[in-house]
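Just the heavy atoms: all of them, side chains too, but no hydrogens, waters or symmetry mates, feed the values below. Counting starts at 1 for both ligands and their atoms, in listed order.
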Amino acid sequence: MRIVLLGPPGAGKGTQAKVLSERLKVRHISTGDMLREAVKDQTELGIRALTYMKAGELVPDDIIIALIDDTLRDTDCSQSFVLDGFPRTERQAQALDKLLTVRKMPLDMVLYLNTSPEVSVTRLSGRRVCANCGINYHITNMQPKIDGICDSCQGSLIQRPDDKKETILNRLDVYIQQTTPLIDYYQRRGLLKECSGDLDVEALFEALKSLFEEKGLLIA
Ligand code: AP5
């Protein structure tokens, strides 16, 4: 099973990708998480990516395509994965097609979480992440048991540097300019399945489950 999750910042791609990867027992590949890890470790990739990420701009295609090419070589990605945050430009989508054609493993579905800008802004400005393990919370939608503390590892919850209001607005602009053409790209290939990203976490998961059922695939 090879799936892409498509949608604006704050659509809930990361949240749903985590659940889907657990339920389907497939690898969750998040370019955003990989880049944040590289920034934290101050690797060459992280140092190159940081300026773009801080500004809410996309990291250049060549860097991201090389990162995905490398990741797809891992044995646990050899057949199945959920891609979250990639592709984000037409060039990345074409590169993914090529990488998957060579491996004879075409995409099964592109799940498009169609989300209103107001919802994106509310979710991103209220998001808090664990500085230690990276788990996502939200100040109203997904609260931790103890304010400011991660339920899972007791790390401190912080705001992502790119979740500041001005950067959020730029990320949404970048999404409209560079990523929305992929809706048509995947529609033309008959891969696109759409649902509302404005639904709450459980309702959205149920909507995604129905899209799998339309393809004859059951999620337990
Ligand atoms: P990335 O980390 O991919 O950021 P993004 O696409 O902007 O997505 P987000 O993580 O902000 O949102 P999401 O849709 O995953 O929502 P989430 O589930 O977290 O990328 C960051 C940066 O890295 C980019 O700006 C770019 O610089 C670079 N980058 C990454 N990939 C790249 C690429 N391919 N090419 C070039 N550059 C790249 O949820 C958000 C919040 O809402 C959370 O607080 C959550 O708790 C809450 N929430 C989630 N779902 C719901 C729901 N259904 N109802 C209510 N609340 C919800």
Side-chain angles (χ1 to χ4, degrees), residues 4-21 28-39 45-46 48-69 71 82-96 111-130 134-144 150-151 157-164 167-180 182 195-208:
V4 166
L5 285 180
L6 184 66
K13 303 181 296 295
T15 303
Q16 298 297 330
K18 187 168 178 293
V19 183
L20 285 172
S21 76
H28 172 196
I29 303 174
S30 158
T31 41
D33 286 351
M34 287 192 278
L35 291 169
R36 278 184 289 279
E37 203 56 40
V39 169
L45 168 68
R48 289 180 74 188
L50 181 61
T51 329
Y52 300 98
M53 294 173 79
K54 263 175 34 186
E57 297 291 333
L58 294 185
V59 173
D61 285 337
D62 290 337
I63 298 178
I64 294 291
I65 291 165
L67 179 66
I68 287 291
D69 189 9
T71 307
V82 181
L83 273 171
D84 152 22
F86 180 92
R88 259 169 143 105
T89 64
E90 206 151 331
R91 206 171 137 226
Q92 291 181 16
Q94 286 160 354
L96 179 65
L111 301 170
Y112 167 42
L113 311 186
N114 188 355
T115 312
S116 61
E118 298 74 24
V119 167
S120 287
V121 171
T122 307
R123 287 189 190 159
L124 296 179
S125 50
R127 171 166 53 192
R128 297 294 180 268
V129 294
C130 175
I135 291 183
N136 267 342
Y137 295 87
H138 190 276
I139 53 170
T140 53
N141 302 338
M142 293 168 71
Q143 293 173 318
C150 176
D151 293 347
L157 303 188
I158 55 163
Q159 187 170 39
R160 250 169 63 172
D162 59 346
D163 279 346
K164 302 267 166 12
T167 319
I168 291 173
L169 295 178
N170 191 43
R171 285 162 65 198
L172 287 171
D173 269 357
V174 167
Y175 169 77
I176 290 165
Q177 302 294 330
Q178 303 196 47
T179 308
T180 52
L182 296 188
C195 67
S196 168
D198 288 354
L199 299 169
D200 68 32
V201 176
E202 289 74 24
L204 180 48
F205 182 67
E206 289 305 314
L208 292 176

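- Taking 4.0 Å as the cut-off, Pro8 counts as a neighbour of ligand 1 on heavy-atom distance.
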When you look at Arg91 and Asp62, which way does the salt bridge (charged side-chain N to carboxylate O under 4.0 Å, His left out) test go after all the steps? CA-CA 9 Å; Arg91 206 171 137 226; Asp62 290 337; 2.5 Å; yes
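- Heavy atoms from both the backbone and the side chain of Val201 come within less than 4.0 Å of ligand 1.
- Remark: distances from the non-hydrogen atoms of Arg160 to ligand 1 include one below 4.0 Å.
- Residue contact annotation: Arg36 has a non-hydrogen atom under 4.0 Å from ligand 1.
- Taking distance alone, with nitrogen or oxygen atoms compared against 3.5 Å, Gln16 stays at or beyond that limit from ligand 1.
- Once rounded to the nearest 0.5 Å, the distance linking CD of Gln92 with OG1 of Thr179 reads 7.5 Å.
- The structure places CZ of Arg128 at 4.5 Å from CD of Gln159, a figure rounded to the nearest 0.5 Å.
- Asp84 pairs with exactly one of Gln16, Lys18, Lys13, His28 by the side chain to side chain donor-acceptor pair (under 3.5 Å) rule, that one being His28.
- When the options Asp33, Val59, Val39, Leu35 are ranked by their closest heavy atom to atom 37 (N) of ligand 1, first place goes to Val59.
- Between Gly7 and ligand 1 there is no heavy-atom distance shorter than 4.0 Å.
- Counting heavy atoms under 4.0 Å from ligand 1, residue Arg127 touches it through both backbone and side chain.
- Among all protein heavy atoms, the one lying closest to atom 27 (O) of ligand 1 is Glu57 O, 2.6 Å.
- Contact annotation for Tyr137 and ligand 1: only backbone heavy atoms (N, CA, C, O) come within less than 4.0 Å of the ligand.
- For Phe205, the CZ atom sits in a packed shell: over 12 heavy atoms of surrounding residues, nucleotides or ligands are nearer than 6.0 Å.
- The protein atom (non-hydrogen) at minimum distance from atom 46 (O) of ligand 1 is Met142 SD, 2.8 Å.
- Of all protein heavy atoms, the one lying nearest to atom 5 (P) of ligand 1 is Arg88 NH2, 3.2 Å.
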